[in-house]
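As the structure is a prediction and not an experimental result, all values here were calculated from the model. Every heavy atom of this structure was used, including side-chain atoms; hydrogens, water molecules and symmetry mates were not.
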Amino acid sequence: MDWTVPGGLAAGLLIATVTAPVGVSGAVFLLPVQLSVFGVPNPAVTPTNLLFNVVAGPGALWRYRHDGALRGGLARRLVLGTLPGVVLGAAIRVFALPGPDLFRLLIAILLLPLGLWLCLRTLAPARRRPPQAGELPPRTLTGLALVVGVVGGIYGIGGGSLLGPILVGRGLPVALVAPAALAATFVTSLVGAAAYTLLSLVSTGDVVPDWWLGLACGTGGLIGGYLGARLQPRLHERALRLLLGTLAVAVGALYVGQALN
């Protein structure tokens with residue numbers, strides 16, 4: 001544990017500072033770090049990631065709430081979809097999908113083209129769109145959040161890494177999407193962590209989180225998330241879209257490399 005705590009603290013701080021301005025908790029980047037650097041076993045890496053989200057989430061959310069960015073119904077609709085999904089995803093993870101390889105490949109197939117599309121769309125000459133053009137119908141949004149909740153429950157990555165690029169790519173402003181995506185990630189991670197705790201009572205695998213590492217990463221993420229959320233209003237919308245698209249491409253490329261090795 002001599003270097004795990006400071007290493008986890010530094011990793012959580014750096015990742016959350018970069019990802020919080022675009023509504024990504026950072027857990028999607030923390031997953032390969034936990035597997036490759038800290039050697040967290042499967043499937044314990046998932047509840048450890050959820051623990052990170054629970055501890056780190058309030059930093060960015062408090063700042064966004066302070067700035068009035070959490071107003072509106074988007075966060076509520078995302079939470080309504082992701083909550084049942086994360087419980088289902090936790091059960092699937094413990095009893096049906098213990099390995100991460102297929103997950104990495106599927107996430108890469110989704111995020112690589114999505115990130116490239118978002119970057120190209122941002123760099124291309126913009127056409128004027130009606131203010132509400134990017135909004136999805138409520139049922140479609142809830143269905144999308146349900147699917148993301150299942151994925152988040154299975155692998156503990158947080159829904160923002162998937163919801164953010166999709167919703168921003170549809171034309172919604174990052175300033176609206178980021179707080180809502182982080183709110184959904186926090187609430188579903190809280191429920192997911194509780195679900196894994198209960199499932200650990202009936203499972204013989206490594207389902208209990210690595211508490212020291214999860215708390216260390218989460219504490220770093222708590223500070224980094226606050227800093228990132230405070231930084232967001234100072235960044236141009238175009239820069240935020242490019243950052244989100246670049247993060248999606250980076251995660252996709254990283255997961256392709258890991259899945260093929």
Side-chain angles (χ1 to χ4, degrees), residues 14-33 60 63-64 67 69-70 72 74-75 77-78 103-137 140-141 144-145 147-148 151-152 157-185 221 224-225 227-260:
L14 291 172
I15 290 172
T17 302
V18 175
T19 58
V22 291
V24 178
S25 72
V28 69
F29 288 98
L30 197 59
L31 181 68
V33 173
R63 185 67 210 186
Y64 280 131
D67 293 340
L70 271 173
L74 181 60
R77 291 196 293 271
L78 293 181
F103 154 74
R104 289 171 175 165
L105 199 54
L106 291 175
I107 293 299
I109 290 171
L110 173 67
L111 285 183
L112 266 175
L114 191 59
L116 288 171
W117 173 67
L118 183 55
C119 288
L120 291 173
R121 183 187 176 101
T122 303
L123 292 171
R127 292 181 302 173
R128 291 192 173 274
R129 296 162 57 93
Q132 308 302 320
E135 291 191 2
L136 292 169
T140 304
L141 186 61
L144 173 64
V147 173
V148 168
V151 174
I157 62 170
S161 57
L162 301 177
L163 287 170
I166 293 171
L167 295 179
V168 171
R170 288 275 305 176
L172 290 177
V174 177
L176 175 66
V177 172
L182 283 174
T185 295
L227 294 175
R230 186 169 185 175
L231 182 65
Q232 193 215 55
R234 295 171 171 80
L235 298 175
H236 192 273
E237 172 74 13
R238 195 179 189 207
L240 289 170
R241 286 174 175 267
L242 283 174
L243 174 59
L244 183 57
T246 303
L247 289 175
V249 171
V251 173
L254 178 65
Y255 279 15
V256 164
Q258 290 186 339
L260 296 179

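A heavy-atom distance below 4.5 Å is found between the side chains of L243 and V18. Residues W117 and L114 are in side-chain contact: their nearest non-hydrogen atoms beyond the backbone lie under 4.5 Å apart. Side-chain atoms of L123 and L242, non-hydrogen and from C-beta on, do get closer than 4.5 Å to each other. Q232 has its side chain out of reach of V22: every pair of non-hydrogen atoms, C-beta onward, lies at least 4.5 Å apart.
Closest of all the heavy-atom pairs between C119 and T246 is SG-N, 3.7 Å. When all heavy atoms of A20 and Y64 are compared, the closest pair comes out as O-OH, 2.9 Å. Contact detail for A178 and P21: the closest heavy-atom pair is CB-O, 3.7 Å. P233 approaches D67 most closely through the heavy-atom pair CG-OD2, 4.3 Å. The two atoms that bring A60 and L182 nearest to each other are CB-CD1, 3.8 Å, heavy atoms only. Of all heavy-atom pairs between R63 and R230, the closest is CG-N, 3.7 Å.
Rounded to the nearest 0.5 angstrom, F29 CZ and L247 CG are separated by 4.5 Å. Put simply, OG1 on T19 and CG on L14 are 10.5 Å apart, with the number rounded to the nearest 0.5 Å. L74 CG to L141 CG: the interatomic distance, rounded to the nearest 0.5 Å, is 6.0 Å. Rounded to the nearest 0.5 Å, atoms CG (L235) and CG (L240) are 5.0 Å apart. A distance of 11.0 Å separates CG of L172 from CG of L163, quoted to the nearest 0.5 Å.
Considering only residues two or more places apart in sequence or on other chains, R241 meets the side chain to side chain donor-acceptor pair (under 3.5 Å) condition with E237.
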